[in-house]
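Here's the structure, in structure tokens; my notes come after.
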Amino acid sequence: MSPLLAKFCRQFFAHFYEFYHSLDEVAGLGLRGLTAEGQKAFTPVLDELTSERYSDNDLVELWKSSPACVWLTNGQQIRELLKLARNKIG
């Protein structure tokens, strides 16, 4: 797993959904652990993960192997989260 992806996932603490209500806010949560330079370096990783190369099941398994304190079990939702993060970076 990419160190930048691990940093992104590490931001997801238990019960984060009680504080962040939209997927857009959740994408911002993941990015808060990355500097502007780190976010720029993260864009190729996000582009790769949201490509057709990774199935929804692949994304679920990748998420489960991450340092996130919560598991996301919907691959389409994970893909959308990663796309939103990518769009936030620009």
Side-chain angles (χ1 to χ4, degrees):
M1 173 173 290
S2 155
L4 293 170
L5 179 59
K7 271 188 164 182
F8 177 83
C9 293
R10 194 173 288 119
Q11 300 302 313
F12 296 92
F13 54 90
H15 304 288
F16 73 89
Y17 47 82
E18 293 177 5
F19 303 96
Y20 299 89
H21 303 290
S22 72
L23 208 50
D24 189 60
E25 289 176 323
V26 172
L29 168 66
L31 292 173
R32 76 178 185 177
L34 299 173
T35 64
E37 191 174 292
Q39 288 181 21
K40 186 175 179 183
F42 191 37
T43 57
V45 175
L46 291 169
D47 290 340
E48 175 71 15
L49 291 174
T50 57
S51 73
E52 292 181 14
R53 181 173 173 206
Y54 288 85
S55 71
D56 290 345
N57 287 337
D58 291 337
L59 293 176
V60 169
E61 290 306 311
L62 183 64
W63 192 271
K64 286 181 179 179
S65 71
S66 80
C69 291
V70 293
W71 283 2
L72 299 180
T73 58
N74 181 319
Q76 289 178 317
Q77 188 177 44
I78 295 168
R79 186 179 310 279
E80 185 63 24
L81 172 65
L82 297 175
K83 284 181 179 181
L84 285 169
R86 176 62 174 93
N87 289 341
K88 282 185 158 304
I89 294 169

Check your understanding: Any side-chain heavy atom of Tyr17 sitting closer than 4.5 Å to one from Val26?
Key -> no

Check your understanding: Counting only heavy atoms not in Glu37, do more than 12 sit closer than 6.0 Å to its CD atom?
Key -> no

Revision key, fill the gap. By salt bridge (charged side-chain N to carboxylate O under 4.0 Å, His left out), Lys88 pairs with (sequence neighbours left out) Asp24

Study note, to complete from the structure: Nearest heavy-atom approach of Pro67 to Arg10 is CG-NH2, 3.8 Å

Point to revise | For the student: nearest non-hydrogen atoms of Val45 and Ser2, plus distance | key: CG2-OG, 3.9 Å

Exercise for review: Name the orientation class of the two ring planes belonging to Phe13 and Phe19 (parallel below 30°, tilted from 30 to 60°, perpendicular beyond 60°).
Suggested key: tilted

**Study point:** Residue pair Leu34 / Ile89, side-chain heavy-atom distance below 4.5 Å
**Key:** no

**Study point:** Flag, side chain of Asp58 to backbone of Ser55, donor-acceptor distance under 3.5 Å
**Key:** yes

Review point. Taking all non-hydrogen atoms of both residues, which atom of Ala85 and which atom of Ala27 are closest, and how far apart?
Key: N-CB, 3.7 Å

Exercise for review: State which residues pass ring pair (Phe, Tyr, Trp, His ring centres under 6.0 Å) with Tyr54; sequence neighbours excluded, sorted by chain then number.
Suggested key: none

Point to revise | Gap between atom CG of Leu46 and atom CG of Leu31 - 0.5 Å precision | key: 7.5 Å

Exercise for review: Please report the shortest heavy-atom distance between Arg79 and Ser51, naming the atom on each side.
Suggested key: NH1-O, 3.3 Å

**Study point:** Nearest atoms (heavy-atom pairs only) where Leu72 meets Val60
**Key:** O-CG1, 4.1 Å

Check your understanding: Is the side chain of Arg86 donor-acceptor paired with the backbone N or O of Pro44 at a distance under 3.5 Å, no angle test?
Key -> no

